[in-house]
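Notes for the one structure printed next.
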Amino acid sequence: MGVSGDSAVLYDNLQRTGGVDKQFLAAPVKSAVDKFQLLPEFLKVRGLVKQHLESFNYFIRTDIKKIVQANNHVASRFDPSVYIRYTDVWVGRPSEVVDGVTDSLSPQKCRLGDNTYAAPIFVNIEYCNGSDSRMMMKKEVVIGRMPIMLRSLSCVLHGKDEDELAKLGECPLDPGGYFVVKGNEKVILIQEQLSKNRIIIDSDKKGCIQASVMSSTAITKSKTIIRMEKEKIYLVLNAFTSKVPIMLVLKAMGMETDQEVVQMLGRDPQYATLLLPSIEECASIGVYTQQEALDFLEKKRKKSMSRFGKDDGALGVLRDIFIPNIPVRENNFYLKCVYVVVMMRRMMDAILNEDAMDDKDYVGNKRLELSGQLLALLFEDLFKSLNDMIKLTVDKSLSKASRTSRLDISQHILKDDIITKGLERSLSTGNWDVHRFRMHRRGITQIVTRLSFIGAFGSMTKISPQFEKSRKVSGPRALQPSQWGMLCPCDTPEGEACGLVKNLALMTHVTTDEEEGPIISLCYCLGVEDLYLLSGEELHSPDSFLVILNGLILGKHRTPQLFALGMRKLRRAGKVGDFVSIYVHEKQRCVYIASDGGRVCRPLVIADNGVSRIKHHHMKELKDGVRNFDSFLREGLLEYLDVNEENNALIALYEGEATYETTHIEIEPFTILGACAGLIPYPHHNQSPRNTYQCAMGKQAMGNIAHNQLCRMDTLIYLLVYPQRPLLTTRTIELIGYDKLGAGQNATVAVMSYSGYDIEDAIVMNKSSLDRGFGRCIVMKKMSAMYQKYDHVCDKIVSPRKSQHDSEILDNDGLASPGEIIRHLDIYLQKECPLDPKAKSHPSQIQYRTSKQTYKGAEGEPAVVDRVALCSDKNQNLIVKFMIRHTRRPEVGDKFSSRHGQKGVCGTIIQQEDFPFSERGICPDLIMNPHGFPSRMTVGKMIELLGSKAGVSCGKFHYGSAFGEPSGHAHKVEDISETLVKHGFCYNGKDFLYSGITGTPLQAYIFMGPIYYQKLKHMVLDKMHARGMGPRQLITRQPTEGRSRNGGLRVGEMERDCLIAYGTSNLIYERLMISSDPFEVQVCRECGLLGYINYKTKTRMCSTCKNGDNISAMKLPYACKLLFQELQSMNIVPRLQLADS
Amino acid sequence: MPKVPLWDLPELPQNHLPPHLQLQKTRVSCNNDAPTNTESIIYSGAYAAMGVDNSLRLGEFRKNFKVNVMKLNEEDMEFDLIGIDASIANAFRRILISELPTMAIEKVLVANSSSVVQDEVLAHRLGLIPIKVDPRLFEYMSENDVPNEKNTIVFKLHFKCERKSGERRTVYSHDLEWLPFGSEYVLRTENSSDSTSKPKTYTSFNSSQETLPEFSNNPISVTPGIIISKLGPGQEIELEAHAVKGVGKTHAKWSPVATAWYRMLSEVVLLQDIEDEDAQKLVNKCPVNVFDIEDMGKGVKRATVARPRDCTLCRECIREPGWEEKVALRRVKDHFIFTIESTGALPPEVLFTEAVKILEDKCERVITELS
Ligand code: SF4
């Protein structure tokens, strides 16, 4: 009865609430719309590295103009009528001026010729050379050269189709987003930063609660902290020598009465109580008026702060350095006062309630600084330096009493390559030293890793952390829930940078700055009450919310939800920018509007009452090409949400899961992963660290690098001879083009134990597979040489004598010719260098010596000269580059890995006839030990095997996209099993195998099928090392260290301990001395110091005792003797006491 | 089970095995979880306790041994080997894969190659092309031998893609051209002054291979239609490939078979009568239609095993619980369905007889070593 009773109640409820629900239920039955097609469209519009491109484009189009505009006037200090005014600035097309001829550049040309892919920066100027001359104008003056990001608007590759790209020698799948500097591809890493101009509440080291603002305007950057210390509130600012009571600061800004402050804080007596000690302190100091406060502050002011030329004392500090993001109009500090009070109120909230503290790791509090912003900083600094230089030289020549020629200020622009060199240097070293902004950062740029196609992608989406890596805190390393969809949860390195270095997810967009003006006026139109018109009392009245735009308080609004709704409607209609976020913070009673750059956001489908706005017909139109991604945005079917605004949305994963409250629906769940994690099939079935490992390993896998891989001259290229596309693909693989530039091969894997050479993740390989080309790779190394030019002479090209047997491969020009087989110690270049580079004699009298360069490779491993390229460097020296190619087949010890973080070395290679074979004659390519599974829990790998097996048996690629089962982007295991059964396999993928050795069936069914295996770049040939006698260090005479120097293998401390414990003292003696650095010394038994042998008189002497009576010879390690002598040089006497043994 | 005193047990029949042991001896039972009784029992005294002699008798073997060829064409052959031990069948398989000699390209002299395919890769690809020639007509080339008409076959490949054509061209294996007179490339020597004698080439053929009766009107060719490389406009490949005799043990390119393998004859036994609905179910389960339905009259339908040979051992029929008691999947331990896929050098039946010869040789060697 109970059951029926319950259902009756339920029915009643339904009836009562029916009004709304009925409508909801009456909505047409939804079949989920497959929105996957939006993804390729999105990527078509935005590209995969859109964040870099957008940011750079913004810099080139807008920011550079702003910077020049802000610093457009350069005048002499002595004579203001001598000036330059910049009227316009723009960046031209990439080109190069060689011997006065302008040549257009292409990125590939720059890569091969070690050039910088840069475009001239043009300015239009007006200038005047003194009060007596007219104002003149010059157009298209080049002030420097700007490195150009590939595929950006200024790049020659922009908008080119595949054929045109191929003509330029460019890979169509290359994402761009990096620079070519001196022939190297450099990417500016995305920098993670705390957001600027926002109040952040946190606690300092001592546990004091503080509110801090990192202010950043076009003119200044400063940090303001308001801190609660011992119940009193202080301001901490760099411009003051010590902390300042906050009430004093408020008084100095014109809020003289305490009541005003208390009123502004709000009616709640709690706030007043917290403020009371501060008020009392202020009174105890005896400061009551604005002037008194200013005088007090003046005393505390650091006197060196006169960077702005004019010095207004404490008031100036308060105006320009204290929260400078809040504007002060005509010395009206009201806005700043309000801001300070709001800061205080938020801080007090946090004191009263722990939850109100801000989370620094929350992605919404973070901004990503992209190449455009970083370049803008650098450019601004260099541009100012340029102007300073101009000023300086002009001043100098003006101050000279006798001027020979007329001064022409416009000439000084071109004199020095400050901008060109500065930009180039910073990009190639990665050091951003901007003294003006006190910024000294290292490692901003990185060489694009071209180990694999995916590696290049990885460099482009990598986010470098704000904290130094050594910090031992777990907070910033942990996975933040707010990372969802924005930053890839899998792709992070292991080790010290774990969790700090992150990668962008597939659909993440990083915003660029947007004009605030129109948004402000829109807000006022929508009923925001202007702050100037509000009294302190009204500010925090309980019926209203503050409206804050980019950290600037605009005013308040009485119906915040309606206001937010209105703003959002305007955004969807395209009246404000797509990336403006509107976020109602209920707790803080604020509406935050953000239009600043560096926020991460992503597109989502809008849903009305849980019903998706995208319908089948929309997708059909997309398929027919009537629509594109932008039209979805413009019609308000999609919108971008940033992390903050996501807090106001209820996002359903799938359409079917949407409820009445749902506001948005995800486009595709697998887009929460990044490009690297997107390669993994069925990642949602794996243990999470495994996916992380694969993200790191995918970047080391060999395969195709790019379509232009054979035309590239990188220092090291790893290629696979027969790369394949994975049998089990994912949607991401197709989106990024990994199916066209694969890095691995589909190997038939049998999961079984075999031969004992498969322990610890080692794999057993089939020799016949290797014979037929499995895992074969090509390693290409670049070697370059230069024909140096000296003042009057230069290196000569000569034809080698043919009789030399080691120069067989040289051509008549003394260079190894392409296609020749080159062996260890073969000469690949022979030239003649002048004996005396400074000689000035007649060419015929100059003496030359032959100089050769020999190839040092692995012995017994012949390589081939692949290509020889000639080019000239900046100083017009001839550069010769050789690509040496070495084809390798896998050998024992080479590293392989599947796409599930299951790496292993090749343990042994076994003949095919010894391998097991199946009923259909299938013989596995490699055998993997089943112990790899239980502890790793990589169920995804098992499903990959099943899926691939089904794929080969039915002739269709199978899919395994992350979270793809409900939306049909991943095949379900049941379906795969069905396919397998249909083709005569067991449903669980286990086959009946015969042993190749005995010929009888194996006593177990073996899980066998194809798995995509990657060959990693770690190969035995590059690592193996042993030596007997060999080179020694000069100073200590001990064997050198490291493989590259043919070093010895060290018997370290622990090895020594073992030998001691074992009691083999002679072995230690041999290892540590005889085989290392034995040396015979003469020791004086009297004084215990070292003597010497006088070889002339054949006598032994002690130089301290001045006689040779008590000298004994003994053996010491040379390093020990050196130590004694070094100690002696420091006035420490080590004495040896000898005893008879 | 009631306790029965030992002396009350029935006497075991002497001289033949009880049925369950017989089953263990002759069949592999493929259960749902794992196959059991996979090993062959070789020890002659394994069943001595039952008075059964398990030793192999030549006469009996002769009587029982049978070879049935099921399918034979130029490339493939499928035949049954009945009445033989797994070790011997496996020996044939191993010999076929790795010990039968063939000719394969071992040395490639590249005169010019401007294709995108690297020289080593090109050589590797050429090496894997099967050459249609009887290897028995050639000798092995040992380290000190000079390449001559007895041990080397020379092919030439000269292929050019005209710049004017503007199209890509594909180089196929049939573009390889046999050079019966040996290499055409002149060996660079120090004393090239004596121009009177014939210039030395990379091979020293005494006579043309065409004069040999086997090749007189039957030029040596390779398997056609294998893509070697693709050339863009203006690219060219010019090379000479020297094929020598070798075995698959050294490199898979000398293996005469694509693969050779066997499987044991499958035996599907219905342990119970499966009728009506169950019968239909069973028939539907099997993806390769091993079962049929027999009309027993009176509307009773019974499942029968019609094509046990087709069973792929997918174990679908015993997958569901309870079915393992109804259907037994077994393998006959001494019945091998042997398949040879030749690469084209020799027809599969010849390959097999060659393999037998090699095994014979080996046995003889063992015998002579022992005696
Ligand atoms: S194992 Fe598979 S193929 Fe064999 S009889 Fe059973 S269902 Fe048919």
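These numbers come from a predicted model, not from an experiment. Chain letters run A, B, ... following the sequence lines, proteins first and then strands; every chain starts at 1.
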Flag if over 12 foreign heavy atoms under 6.0 Å of [atom1], [X]:
{"X": "Arg168(B)", "atom1": "CZ", "value": "no"}
{"X": "Lys782(A)", "atom1": "NZ", "value": "yes"}
{"X": "Glu162(A)", "atom1": "CD", "value": "no"}

Heavy-atom pairs under 4.5 Å with chain B are the metric here; pick the option from [options] that has the most.
{"options": "Gly984(A), Ser769(A), Gly819(A)", "value": "Gly984(A)"}
{"options": "Ala1004(A), Cys923(A), Gly921(A), Ser995(A)", "value": "Gly921(A)"}
{"options": "Lys990(A), Lys982(A), Gln1003(A)", "value": "Gln1003(A)"}

Item to check | Exam field: side chain Gln911(A) to backbone Lys249(B), donor-acceptor pair closer than 3.5 Å | outcome: yes
Checklist entry - Can you tell me if Asn90(B) uses its side chain to pair, donor with acceptor, with the backbone of Thr1000(A) under 3.5 Å? => result no
Item to check | Cation-aromatic face contact Arg315(B)/Tyr1005(A), 6.0 Å, 45 degrees | outcome: yes
At what distance, to the nearest 0.5 angstrom, does [atom1] of [X] lie from [atom2] of [Y]?
{"X": "Glu316(B)", "Y": "Tyr987(A)", "atom1": "CD", "atom2": "OH", "answer": "8.5 Å"}
{"X": "Ile821(A)", "Y": "Asp119(B)", "atom1": "CD1", "atom2": "CG", "answer": "8.0 Å"}
{"X": "Arg93(B)", "Y": "Glu913(A)", "atom1": "CZ", "atom2": "CD", "answer": "7.5 Å"}
{"X": "Cys314(B)", "Y": "Asn988(A)", "atom1": "SG", "atom2": "CG", "answer": "10.5 Å"}
{"X": "Ile97(B)", "Y": "Phe915(A)", "atom1": "CD1", "atom2": "CZ", "answer": "12.0 Å"}

Let me know if [X] has heavy atoms under 4.5 Å from chain A in its side chain, its backbone, both or neither.
{"X": "Asp310(B)", "result": "neither"}
{"X": "His124(B)", "result": "side chain"}
{"X": "Val28(B)", "result": "side chain"}
{"X": "Cys286(B)", "result": "neither"}
{"X": "Val116(B)", "result": "both"}
{"X": "Ala260(B)", "result": "neither"}

Go through the atoms of [X] and report whether side chain, backbone, both or neither lie under 4.5 Å from a heavy atom of chain B.
{"X": "Ser918(A)", "value": "backbone"}
{"X": "Val864(A)", "value": "side chain"}
{"X": "Phe985(A)", "value": "backbone"}
{"X": "Ile922(A)", "value": "neither"}
{"X": "Thr998(A)", "value": "backbone"}
{"X": "Lys767(A)", "value": "side chain"}
{"X": "Arg920(A)", "value": "both"}

Checklist entry - What are the two closest heavy atoms between Thr38(B) and Leu1002(A), and how far apart are they? => result CG2-O, 3.7 Å
Is [Y] close to [X] at the side-chain level, that is, under 4.5 Å between some pair of heavy atoms?
{"X": "Gln118(B)", "Y": "Thr887(A)", "answer": "no"}
{"X": "Thr259(B)", "Y": "Phe917(A)", "answer": "no"}
{"X": "Glu120(B)", "Y": "His886(A)", "answer": "no"}

Checklist entry - Hey, which of Phe336(B), Phe338(B), Tyr262(B) is the one that makes ring-ring contact (aromatic ring centres under 6.0 Å, His included) with Tyr994(A)? => result Tyr262(B)
Heavy-atom pairs under 4.5 Å with chain A, option from [options] with the top count:
{"options": "Pro35(B), Ala91(B), Ser255(B), Ala34(B)", "answer": "Pro35(B)"}
{"options": "Lys253(B), Glu39(B), Met264(B)", "answer": "Met264(B)"}
{"options": "Val121(B), Ile95(B), Ile337(B)", "answer": "Val121(B)"}
{"options": "Lys333(B), Arg125(B), Lys285(B)", "answer": "Arg125(B)"}

Item to check | Salt-bridge criterion met for Asp914(A) and Arg94(B) (N-O under 4.0 Å) | outcome: yes
Item to check | Salt-bridge criterion met for Arg331(B) and Glu919(A) (N-O under 4.0 Å) | outcome: yes
Checklist entry - Using a heavy-atom distance cut-off of less than 4.5 Å, which residues of residues 101-114 of chain B contact chain A? => result none
